[in-house]
Amino acid sequence: MRYFLVAGEASGDLHASALIRALRAEDPEASFAFMGGDKMEAAAGVAPIVHYREVAFMGIVSVVKNLGKLTRIGRQIQAAMRDFAPDVVIPVDYADFNFRFILPYAKGELCCPVIYYILPKLWAWRAGRIRQLRRYVDLGLSILPFETSYFSDRGLRTEYIGNPCVDAKLTYLAEHPEPVEREQMLLLVPGSRQSELRDNLPEMLAATAAYSQLGWRVVIAGAPGLTAADYAPHLGKYSDTPILFGETYGLMRRAHAALVTSGTATLEAGLWGIPMVVCYRMGGRRIARLAFERFFRVPYFSLVNLILDRPAVPELLADRMEGEELPRTLAELIDEDSSARARQLKDLTHLSQRMGTSLSAPKAAEAILDFLAKA
């Protein structure tokens with residue numbers, strides 16, 4: 001089989017690389033072409049047609065400024081799809097690019113099956129896009145347990161295949177089987193975008209400064225694709241705070257508590273059972289929080305709470321992250337005897353049970369090959 005994958009971010013590169021390995025295990029004659037990154041290249045044995053770094057534009061202003069480049073790359077990927085003549089096209093998350101350049105071309109010009117891996121979060125916003133998914137996508141592979149009914153109820157054939165964060169945790173434990181103890185450490189996970197670092201990291205550092213003076217170790221988990229230079233402008237007077245790259249899971253496994261910017265990192269921290277405060281300052285403006293509460297279609301913004309369907313972890317959005325609320329909420333979780341810490345630890349155990357221990361990449365490969373065999 002010939003597989004064409006399209007990933008536009010570091011997380012998509014990671015998850016798609018695991019899928020490529022799983023497909024090769026089941027289909028020894030598999031060949032691949034893709035937009036993606038280094039991890040996909042290592043798994044597939046071929047270089048990306050376009051590296052995801054070329055399309056790493058964040059925010060509306062940046063996207064608009066680079067619209068010409070994005071269009072050129074979109075046309076380049078379409079031409080590569082035509083030349084490769086795939087048996088299936090597999091978009092991986094990265095909704096805006098895939099919806100504009102990949103889905104209509106794959107289904108229209110190529111008349112090729114499309115299996116969407118890691119579906120866009122239409123349950124949160126832009127729900128109207130479901131019409132495009134129904135039109136262009138033959139099968140959606142979901143990585144969140146509550147998504148299957150959402151998409152299936154709206155006419156898209158969908159399968160839940162588990163979550164790559166579970167795969168990553170199990171892989172890490174297989175490579176690091178030795179038991180560890182929680183340490184007197186506070187972990188900061190401030191996101192992977194410059195805007196997230198700017199808005200969240202200074203507040204996180206200020207909230208943990210008092211603990212550092214009491215002998216606690218405060219550590220920043222460096223995000224993939226960033227360097228220490230990306231963090232430097234946001235450290236201020238806390239410039240001696242260590243930033244550790246490539247060690248996030250080990251840190252989550254050992255830290256006593258964490259401040260985590262909303263996103264996949266909240267699920268990762270939850271699976272490691274680390275009590276956390278979920279933070280997303282968004283410039284600290286009250287209007288940003290009110291807009292979320294009014295216009296977004298979900299009651300929570302962290303994956304932990306969405307999956308458990310209850311406020312298991314505290315969420316401090318926009319202006320709620322300022323003032324005394326963040327230090328107060330963190331203090332409740334640090335206290336070993338607090339009911340807040342005990343309650344969250346119990347909820348995070350339920351989260352791990354809900355997510356299970358099945359590897360998602362092999363299940364995704366099985367679903368893809370089963371669909372193609374019956375097509």
Visitor: Salt bridge check: are Asp370 and Lys374 linked by an N-O gap of less than 4.0 Å?
Guide: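 Lys374 and Asp370: salt-bridged.
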Visitor: Assigning hydrophobic clusters by single linkage (Ile, Leu, Val, Met, Phe, Trp, Tyr; side-chain heavy-atom cutoff under 4.5 Å), is Ile274 placed with Ile220?
Guide: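 No, no single cluster joins them.
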Visitor: Do you know which two heavy atoms are closest between Leu226 and Gly191, and how far apart they sit?
Guide: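 Result for this residue pair: CD1-O, 4.4 Å.
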Visitor: Answer yes or no: is there a side-chain heavy-atom contact under 4.5 Å between Leu330 and Arg328?
Guide: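 They are not in contact (no side-chain heavy atoms under 4.5 Å apart), so the answer is no.
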Visitor: Once rounded to the nearest 0.5 Å, what's the spacing between atom CG of Asn305 and atom CD of Glu315?
Guide: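 Asn305 CG to Glu315 CD: 4.5 Å, rounded to 0.5 Å.
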Visitor: If I take atom CG from residue Leu333 and atom CZ from residue Arg341, how far apart are they, to the nearest 0.5 angstrom?
Guide: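 With rounding to 0.5 Å, CG (Leu333) is 7.5 Å from CZ (Arg341).
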Visitor: So, for Ala221 and Thr248, which heavy atoms are closest and what is the spacing to 0.1 Å?
Guide: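 Here Ala221 and Thr248 meet closest at CB-OG1, 3.7 Å.
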Visitor: Is there a donor-acceptor pair closer than 3.5 Å between any side-chain N or O of Ser212 and the backbone N or O of Thr208?
Guide: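 Looks like no, no N/O pair under 3.5 Å.
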Visitor: Indicate whether the side chain of Glu332 and that of Ser338 have a donor and an acceptor atom separated by less than 3.5 Å.
Guide: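 There is no such pair (donor and acceptor under 3.5 Å, judged by atom type) between the side chains of Glu332 and Ser338.
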Visitor: Does a side-chain heavy-atom distance below 4.5 Å link Met204 with Val189?
Guide: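 When only atoms from C-beta onward are counted, Val189 and Met204 do not touch, as no gap falls below 4.5 Å.
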Visitor: Whether the side chain of Arg24 engages the backbone of Ala43 through a donor-acceptor N/O pair (distance < 3.5 Å, no angle test) should be reported.
Guide: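 Looks like yes, one N/O pair under 3.5 Å.
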Visitor: Under the side chain to side chain donor-acceptor pair (under 3.5 Å) test against Tyr249, which residue among Arg254, Glu268, His176, Lys169 passes?
Guide: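 So the option named by the test is Glu268.
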Visitor: Is a donor from one side chain sitting under 3.5 angstrom from an acceptor on the other, for His234 and Gln194?
Guide: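 A pair is found: one side chain offers a donor N or O, the other an acceptor, under 3.5 Å apart.
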Visitor: Is it true that Asp27 and Arg2 have a side-chain N and a carboxylate O under 4.0 angstrom from each other?
Guide: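 No.
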Visitor: Side chains of Val92 and Asp13: does their closest heavy-atom pair fall under 4.5 Å?
Guide: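 With C-beta onward as the side chain, the pair stays apart.
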Visitor: Quick check against the 3.5 Å criterion: does Thr261 have a side-chain atom that pairs as donor or acceptor with the backbone of Pro190?
Guide: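 Looks like yes, one N/O pair under 3.5 Å.
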Visitor: So that I can tick it off, tell me whether Asp230 and Arg198 are bridged by a salt bridge, with the cut-off set at under 4.0 angstrom between side-chain N and carboxylate O.
Guide: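 A salt bridge is absent here (no side-chain N lies under 4.0 Å from a carboxylate O).
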Visitor: Return yes if some donor-acceptor pair links the side-chain N/O of Ser239 with the main-chain N/O of Leu235 below 3.5 Å, else return no.
Guide: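 Not a single qualifying donor-acceptor pair exists.
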Visitor: Can you confirm whether Asn98 sits close enough to Tyr116 that some side-chain heavy atom of one is under 4.5 Å from a side-chain heavy atom of the other?
Guide: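 Contact flag for Asn98/Tyr116 side chains = yes.
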Visitor: When you compare the side chains of Asp167 and His15, does any donor N or O come within less than 3.5 Å of an acceptor on the partner?
Guide: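 The criterion, which ignores hydrogens and geometry beyond distance, is not satisfied for His15 and Asp167.
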Visitor: Centroid separation under 6.0 Å, is that true for the rings of Phe151 and Trp123?
Guide: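 No, too far apart.
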Visitor: Just so I know, are the side chains of Met40 and Tyr52 near enough to count as touching, which here means a heavy-atom distance under 4.5 Å?
Guide: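 Met40 does not reach Tyr52 side chain to side chain.
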Visitor: The test is side chain to side chain donor-acceptor pair (under 3.5 Å); show your working for Gln184 and Tyr211 and say whether it passes.
Guide: CA-CA 10 Å; Gln184 201 173 24; Tyr211 296 97; over 6 Å; no
Visitor: Side chains of Lys39 and Leu14, heavy atoms from C-beta outward: is any pair under 4.5 Å?
Guide: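 Yes, their side chains come closer than 4.5 Å.
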Visitor: Return yes if some donor-acceptor pair links the side-chain N/O of Asp138 with the main-chain N/O of Ile115 below 3.5 Å, else return no.
Guide: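 Looks like no, no N/O pair under 3.5 Å.
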Visitor: Rounded to the nearest 0.5 Å, what separation is found between the CG atom of Asp87 and the OG atom of Ser31?
Guide: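 Here the interatomic distance stands at 7.5 Å.
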Visitor: Do His256 and Trp216 come close enough that some side-chain heavy atom pair is under 4.5 Å?
Guide: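 Side-chain contact under 4.5 Å: yes.
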Visitor: Apply side chain to side chain contact (heavy atoms under 4.5 Å, CB included) to the pair Glu41 and Phe34, showing each step before the final yes or no.
Guide: CA-CA 9 Å; Glu41 179 175 355; Phe34 59 90; 4.3 Å; yes
Visitor: Does atom CD (Glu26) have a neighbourhood of more than 12 heavy atoms from anything else shown, all under 6.0 Å?
Guide: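 Incorrect, the count does not exceed 12.
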Visitor: Compute both the distance and the angle, then confirm whether Arg154 meets the cation-pi test with Tyr150: under 6.0 Å from the six-membered ring centre, within 45 degrees of the axis.
Guide: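 So Arg154 does make the cation-pi contact.
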Visitor: State the CD-CZ distance between Glu54 and Arg72, to the nearest 0.5 angstrom.
Guide: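 Answer rounded to 0.5 Å: 7.5 Å.
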Visitor: Might you confirm whether atom CD of Glu181 has over 12 heavy atoms from other residues, nucleotides or ligands at distances under 6.0 Å?
Guide: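 Counting other residues, nucleotides and ligands, CD of Glu181 stays at 12 neighbours or fewer.
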Visitor: Do Leu186 and Val180 sit in the same hydrophobic cluster, where Ile, Leu, Val, Met, Phe, Trp and Tyr count as joined when their side-chain heavy atoms come under 4.5 Å apart?
Guide: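 In one cluster: no.
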Visitor: Got more than 12 heavy atoms from elsewhere within 6.0 Å of CZ, Arg134?
Guide: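 Enclosed.
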Visitor: Of all heavy-atom pairs between Pro91 and Leu103, which one has the smallest distance, and what is that distance?
Guide: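 Looking at all heavy atoms of both residues, the shortest contact is CG-CD2, 3.7 Å.
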Visitor: Between CG of Asp240 and CD1 of Ile243, what distance do you get to the nearest 0.5 Å?
Guide: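 Atom-to-atom, Asp240:CG and Ile243:CD1 are 10.5 Å apart.
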Visitor: Just do the side chain to side chain contact (heavy atoms under 4.5 Å, CB included) check on Val166 and Leu359 with the steps written out, would you?
Guide: CA-CA 7 Å; Val166 175; Leu359 293 173; over 6 Å; no
Visitor: In the structure I gave you, are the side-chain heavy atoms of Trp272 and Tyr172 within less than 4.5 Å of one another anywhere?
Guide: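 Trp272 vs Tyr172: side chains touch.
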Visitor: Could you tell me the separation between the CG atom of Leu369 and the CG atom of Leu23, rounded to the nearest 0.5 Å?
Guide: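 Result: 5.5 Å between the selected atoms.
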Visitor: For Leu271 and Ser352, work out which heavy atoms get closest and say how close.
Guide: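 The answer is O-OG, 3.6 Å.
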Visitor: Hey, mind stepping through Asp347 and Leu308 against side chain to side chain contact (heavy atoms under 4.5 Å, CB included) and telling me if it holds?
Guide: CA-CA 8 Å; Asp347 282 334; Leu308 292 176; 4.2 Å; yes
Visitor: Does the pair Met1 and Val88 meet the rule for a side chain to side chain contact (heavy atoms under 4.5 Å, CB included), with working shown?
Guide: CA-CA 8 Å; Met1 290 281 188; Val88 62; over 6 Å; no
Visitor: Taking atom CZ of Arg135 as the centre, does the number of heavy atoms from other residues, nucleotides or ligands within less than 6.0 Å exceed 12?
Guide: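 No, because the 6.0 Å sphere around CZ of Arg135 holds 12 heavy atoms or fewer from other groups.
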Visitor: Between the side chains of Arg82 and Glu109, is the shortest nitrogen-to-carboxylate-oxygen separation below 4.0 Å, so that they form an ion pair?
Guide: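 No, Glu109 and Arg82 are not salt-bridged.
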Visitor: Could you tell me which non-hydrogen atom of Ile49 sits nearest to which non-hydrogen atom of Ala80, and how far apart they are?
Guide: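 Closest approach of Ile49 to Ala80: CD1-CB, 3.4 Å.
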Visitor: Are the charged groups of Glu159 and Lys363 less than 4.0 angstrom apart, N to O?
Guide: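 Lys363 and Glu159: not salt-bridged.
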Visitor: Going only through I, L, V, M, F, W and Y residues with side-chain contacts under 4.5 Å, is there a path from Leu141 to Leu303?
Guide: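 Hydrophobic grouping puts Leu141 with Leu303.
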Visitor: If you draw the axis of the six-membered ring of Phe101, does the NZ or CZ of Arg75 fall within 45° of it and under 6.0 Å from the ring centre?
Guide: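 Not satisfied by the 6.0 Å and 45° rule.
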Visitor: Using the rule that two of Ile, Leu, Val, Met, Phe, Trp, Tyr join whenever any of their side-chain heavy atoms come within less than 4.5 Å, decide whether Leu170 and Leu267 are in one cluster.
Guide: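 Same hydrophobic cluster.
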Visitor: Treating Ile, Leu, Val, Met, Phe, Trp and Tyr as nodes and any side-chain heavy-atom pair under 4.5 angstrom as an edge, say whether Leu188 and Phe245 lie in one connected cluster.
Guide: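 Hydrophobic grouping puts Leu188 with Phe245.
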Visitor: Within a 6.0 Å radius of atom CD on Glu366, are there more than 12 heavy atoms belonging to other residues, nucleotides or ligands?
Guide: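 Counting other residues, nucleotides and ligands, CD of Glu366 stays at 12 neighbours or fewer.
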Visitor: Which heavy atom of Arg129 sits nearest a heavy atom of Ala95, and at what distance?
Guide: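 Nearest heavy atoms, Arg129 then Ala95: NH1-CB, 3.4 Å.
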